[in-house]
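Have a look at the structure below before the remarks.
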2 protein chains.
Amino acid sequence: MEICITSLLREKGFKVTPQRLAIYKMLAATKSHPNAEMIFNELQSMYPTMSLATVYKTMEILKEIGLVQVLNAGEDSFRYDADTSNHPHVRCIECGQVDDVQNIDSAAFVDQVAQGTKYHLIGQQFYFYGICPRCQTKELN
Amino acid sequence: MEICITSLLREKGFKVTPQRLAIYKMLAATKSHPNAEMIFNELQSMYPTMSLATVYKTMEILKEIGLVQVLNAGEDSFRYDADTSNHPHVRCIECGQVDDVQNIDSAAFVDQVAQGTKYHLIGQQFYFYGICPRCQTKELN
DNA sequence: ATTGTTGCAAACTATTTGCAAGGCG
DNA sequence: CGCCTTGCAAATAGTTTGCAACAAT
């Protein structure tokens with residue numbers, strides 16, 4: 001995994017820096033789909049000089065070399081996911097957490113859209129909204 | 001349709017103003033899924049004192065009373081749609097236009113997700129990306 | 001008459017950019 | 001060593017808010 005990002009950066013002509021490794025490592029280790037500020041906050045203790053701008057610049061590169069995907073779950077900021085497989089996401093409208101939706105077969109649905117539109121389709125994003133298990137139990141108060 | 005927005009506003013305790021009618025009428029008459037600035041620009045000739053802030057405030061209300069839905073197709077601004085039925089959208093990565101995807105049956109797909117997640121699902125948004133017919137022909141140059 | 005709304009300007013937030021100092025190759 | 005990257009600060013863009021004048025009920 002570290003090998004992967006290191007060689008990928010070099011291949012594409014980007015330099016390998018501690019900041020880039022740290023950002024990618026942190027993202028790959030979480031399932032929380034953090035936005036830039038969350039990533040920045042989490043890395044600040046380890047890298048006291050880390051800047052938000054570097055997080056943004058790094059995400060731009062990681063997106064470009066295919067190591068992260070950018071999520072736009074209807075919020076005011078972008079979230080990032082080191083799992084670049086094309087899977088749906090679901091956001092809790094109470095607490096705001098974003099989870100993966102696993103083991104979904106969207107092929108039939110995508111095919112249907114591919115046929116129904118005259119676009120040359122390249123990708124897609126599926127976002128669901130609802131109340132997460134934890135917030136459901138909270139609401140029993 | 002005008003009757004609808006007028007009575008709906010009154011029912012919910014909002015006042016009926018020319019600006020609100022104009023904004024909704026314009027949105028209901030287009031398929032272009034405009035963002036706030038596009039709406040503002042188009043209305044400025046007819047309503048020279050119209051302000052962007054009023055567009056935003058109005059969209060907030062129209063969303064609240066269920067007359068518009070807000071789209072977040074991976075851009076830096078929100079788009080608005082007076083068609084509140086839950087249909088997918090497709091955006092051209094060349095020219096940026098956003099189109100509806102019509103006649104799609106997503107029930108099976110949604111059911112699959114509803115069962116696969118422990119969320120209490122409330123809604124969803126499907127976004128596709130690709131190259132629109134017009135840009136496909138342009139690319140032949 | 002009362003209360004909500006408009007529209008300007010200022011505030012705010014997320015993101016991007018310019019640039020000098022520093023680090024990777 | 002040369003060039004890319006960092007990180008600060010300033011700039012930008014979309015959206016929201018405060019408030020005084022105004023309009024709908």
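What you see below is based on every heavy atom in this structure, not just the backbone, and it leaves out hydrogens, waters and symmetry mates. By convention in this document, chain letters (A, B, ...) are assigned in the order of the sequence lines, proteins followed by strands, and residues within each chain are numbered from 1.
- Every residue two or more places apart in sequence or in another chain that forms a side-chain hydrogen bond (donor to acceptor under 3.5 Å, both in side chains) with B:Asn35 is listed here: B:Ser77.
- For the helix from C:dA1-D:dT25 to C:dG25-D:dC1, the axis fitted to the five pairs at one end and the axis fitted to the five pairs at the other end meet at an angle of 40° (nearest 10 degrees).
- At a cut-off of 3.5 Å, with distance as the only test, no side-chain donor of A:Gln125 or B:Gln125 sits close to an acceptor on the other residue.
- When the side-chain contact (heavy atoms from CB on, under 4.5 Å) test is applied to B:Ile93, the partners found at least two apart in sequence or on another chain are A:Ile122, B:Tyr129, B:Ile131.
- Residues B:Arg79 and B:Val16 both approach DNA chain D. Their nearest nucleotides, taken by heavy-atom distance, put B:Arg79 toward the 5′ side.
- Here C:dT6 presents its P atom at 10 Å from CG of B:Leu21, a figure rounded to the nearest Å.
- Close to C:dT6, at under 4.0 Å from its OP1 or OP2, lies a side-chain N or O of B:Arg20.
- Per the geometry, CD belonging to A:Glu37 stands 16 Å off C1' belonging to C:dT16, to the nearest Å.
- The nearest whole Å value for the distance from the NZ atom in B:Lys15 to the C1' atom in C:dT6 is 12 Å.
- The distance from atom NZ of B:Lys12 to atom C1' of C:dG4 is 18 Å, rounded to the nearest whole Å.
- Between B:Gly13 and A:Tyr80, the residue anchored closer to the 5' end of DNA chain C is B:Gly13, taking for each the nucleotide with the nearest heavy atom.
- Rounded to whole Å, atom C1' of C:dG7 lies 15 Å from atom CG of B:Leu43.
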- [ ] Test B:Arg134 against B:Gln97 for side chain to side chain contact (heavy atoms under 4.5 Å, CB included), laying out the working first.
- [x] CA-CA 10 Å; B:Arg134 197 177 328 174; B:Gln97 80 175 63; 3.8 Å; yes
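- Distance B:Phe78 CZ to C:dA14 P: 12 Å, rounded to the nearest Å.
- A donor-acceptor contact closer than 3.5 angstrom is absent between the side chains of B:Tyr127 and B:Asn72.
- For the pair B:Phe40 CZ and C:dT6 P, the computed distance is 14 Å after rounding to whole Å.
- Here the side chains of B:Val113 and A:Val90 are not in contact, with every heavy-atom distance at 4.5 Å or above.
- Residue B:Glu42 qualifies as open at atom CD: its count of foreign heavy atoms under 6.0 Å is 12 or below.
- For DNA chain D, the outermost nucleotides in 5' to 3' order that have an atom under 4.0 Å from a heavy atom of chain B are D:dG14 to D:dT25.
- Annotation: side chain of B:Asn86 is not in contact with side chain of B:Ser106 (no heavy-atom distance under 4.5 Å).
- Atom CG of A:Asn35 and atom P of C:dT16 are 13 Å apart (whole Å).
- DNA chain D is contacted by A:Thr49, A:Met50, A:Ser51, A:Ala53, A:Thr54, A:Lys57 of residues 47-64 of chain A, taking any non-hydrogen atom closer than 4.0 Å.
- Pairs of residues two or more places apart, or lying in two chains, that qualify as ring pair (Phe, Tyr, Trp, His ring centres under 6.0 Å) and include a residue from residues 50-108 of chain A are A:His33-A:His89, A:His87-A:His89.
- Closest approach of A:Arg79 and A:Gly96 over heavy atoms only: NH2-O, 3.1 Å.
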Open item on the list: Using salt bridge (charged side-chain N to carboxylate O under 4.0 Å, His left out), reason through B:Glu60 and B:Lys57 one step at a time and then give a plain yes or no.
Closed with: CA-CA 5 Å; B:Glu60 186 63 30; B:Lys57 286 169 184 167; over 6 Å; no
